[in-house]
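Here's the structure, in C-alpha cells; my notes come after.
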Amino acid sequence: MRSVLSCFLSVAARSRQWGRVGMLAGGVSLACLGGARADDNSGNLTLQLLDRVNTLEQEARDMRGEIDQLTNQVQQQNAALSKQIDDMNFAMQHGHGAAPAGGAAASASPAASATAPAATETPAAKRTPDDLLKAGTDALMQHDYVTAQADAQQVLSGPKSAKQVDAQYLLAQSLAGQKQYRQSALAYYDAYNRAPHGARAPSALLGVAATLVALNDRASACQALDKLASEFPQPTDRIKSAEQVYRKRARCN
C-alpha cells in the first residue's frame with residue numbers, strides 16, 4: 001500500500017500530461033485506494049476518479065459563488081426596501097409636524113431624528129479578497145480557526161485569481177489549527193500545486209510534512225521534506241530551520 005504523499009507525488013507527475021488535478025479530502029482518499037493497484041485498468045480508473053473529483057469540486061465552488069451573489073442581491077433589496085419604508089415614515093411624520101400645534105411639532109421632531117439615521121443607511125459593501133484574507137489572517141492569529149476557514153473558503157469560491165493561492169494556504173493553516181490534519185495536508189498540497197514555483201510553495205510543502213508528522217506518517221513526511229530540499233535547495237533561514245526540526249521528528253535518514 002502506498003503512503004499518502006506517494007499518492008500525491010504520482011498525481012503531481014501525471015498532472016504534467018493532462019493538467020492540474022484539484023483535490024478534495026474524501027475524493028483523494030478514494031483515488032489513492034484506486035491508485036494502489038499496479039495494472040493499467042486500475043490506473044485508468046484512478047485518473048477517471050480524480051477527474052470526477054476535480055469536476056465536482058469546481059461545480060461546488062461555482063454553486064457557492066452563485067449562492068453568495070443571490071444572498072448579496074437579497075440583502076441589497078431588503079436594505080433598499082427598508083430605506084423606502086423609513087423615508088415614507090419620515091415624510092409622514094414631517095407632514096404632521098407642520099401642524100400649528102407646538103406639541104405635535106415637538107413630538108414629531110424626535111421621531112424624525114430617530115428615522116433620519118435609518119434613511120441614510122447604505123448596504124454593507126461586499127468584502128474584497130484582500131479584505132477577506134486580512135480578516136482571515138487576523139482571525140488565525142487570534143486562534144479563531146473557524147472564522148479563518150470561512151474567510152478562506154469565501155475567497156476560494158469567488159472568481160479565480162492569484163489571491164486563491166494565499167486563500168488555499170490560509171485554509172490549510174486553519175484546518176491544522178483545528179487538528180484536522182488529514183484535510184490540512186491535502187489543503188497544503190493543493191496550495192503547492194496551485195503555484196509550484198510561487199512564494200507559498202516552500203511553506204506549503206513544509207506544511208504537508210508537518211501535518212503528516214502529526215498523523216505519524218513519518219515516511220510520507222520525509223518524502224515531502226526531500227521534495228522540499230530538491231525543489232528549493234536554497235530556502236530561507238526560517239524554512240531551513242523548520243525543515244531540520246521536522247526531519248528529526250520524522251526520523252528521516
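As the structure is a computational prediction, the values presented were derived from the model and not from experiment. Numbers here are sequence positions counted from 1.
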Go through Leu225 and Cys252 one step at a time and tell me if the side chain to side chain contact (heavy atoms under 4.5 Å, CB included) criterion holds. CA-CA 9 Å; Leu225 293 170; Cys252 302; 4.1 Å; yes

Any chance you could lay out the side chain to side chain contact (heavy atoms under 4.5 Å, CB included) test for Arg247 and Asp226, step after step, and finish with the verdict? CA-CA 9 Å; Arg247 281 190 180 279; Asp226 289 342; 3.1 Å; yes

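Using a 4.5 Å cut-off on side-chain heavy atoms (C-beta onward), Leu228 and Pro202 make contact. A 4.5 Å side-chain heavy-atom check between His143 and Tyr145 finds at least one atom pair inside the cut-off. Using a 4.5 Å heavy-atom threshold, the side chains of Tyr181 and Lys179 count as touching.
Residue Val165 comes nearest to Ala191 through the heavy atom pair CG1-O, 4.1 Å, listed as atom of the first residue, atom of the second, then distance. Nearest heavy atoms, Pro196 versus Ala201: O-CB, 3.3 Å. Listed here is the closest heavy atom pair of Val208 and Ala185: CG2-O, 3.9 Å.
Distance check, rounded to the nearest 0.5 Å: CG of Leu212 to CZ of Arg218 gives 12.5 Å. Expressed to the nearest 0.5 Å, how far CD of Gln154 lies from CG of Leu133 amounts to 10.5 Å. Separation of atoms OG1 (Thr236) and CD (Glu243) is listed at 10.5 Å; rounding is to 0.5 Å. One distance of note links CG of Asp166 with CG of Asp130; it measures 9.0 Å at 0.5 Å rounding. If you take CG on Leu171 and CD on Gln183, they are separated by 10.0 Å, rounding to the nearest 0.5 Å.
Taking hydrophobic clusters as Ile, Leu, Val, Met, Phe, Trp and Tyr residues chained together by side-chain heavy-atom distances below 4.5 Å, Leu132 does not share a cluster with Tyr169. Cluster membership for Leu215 and Leu175, using ILVMFWY side-chain heavy atoms within less than 4.5 angstrom, is not shared.
A donor-acceptor contact shorter than 3.5 Å is absent between the side chain of Ser241 and the backbone of Asp237. Of the possible polar contacts, one joining the Gln178 side chain to the Ser174 backbone as a donor-acceptor pair under 3.5 Å is found. The backbone N or O of Gly136 sits less than 3.5 Å from a side-chain atom of Asp151, completing a donor-acceptor pair. In this structure, the side chain of Gln168 does not engage the main chain of Tyr188 through any donor-acceptor pair within 3.5 Å. In terms of modelled atom types and a separation under 3.5 Å, the side chain of Thr211 and the main chain of Ser184 share no donor-acceptor contact. At distances below 3.5 Å, at least one donor-acceptor pair connects side-chain atoms of Gln164 with backbone N or O atoms of Leu156. With hydrogens and angles ignored, the 3.5 Å screen pairs no side-chain donor or acceptor of Ser203 with any backbone N or O of Arg200. Judged purely by atom type and a 3.5 angstrom limit, Asp131 uses its side chain to pair as donor or acceptor with the backbone of Thr128.
No more than 12 heavy atoms of other residues, nucleotides or ligands sit less than 6.0 Å from atom CZ of Arg251.
Between Asp138 and Lys134 there is a salt bridge, since a side-chain N of the basic residue sits under 4.0 Å from a carboxylate O of the acidic one.
Under the 30°/60° scheme for interplanar angles, the aromatic rings of Tyr192 and Tyr189 are found to be tilted.
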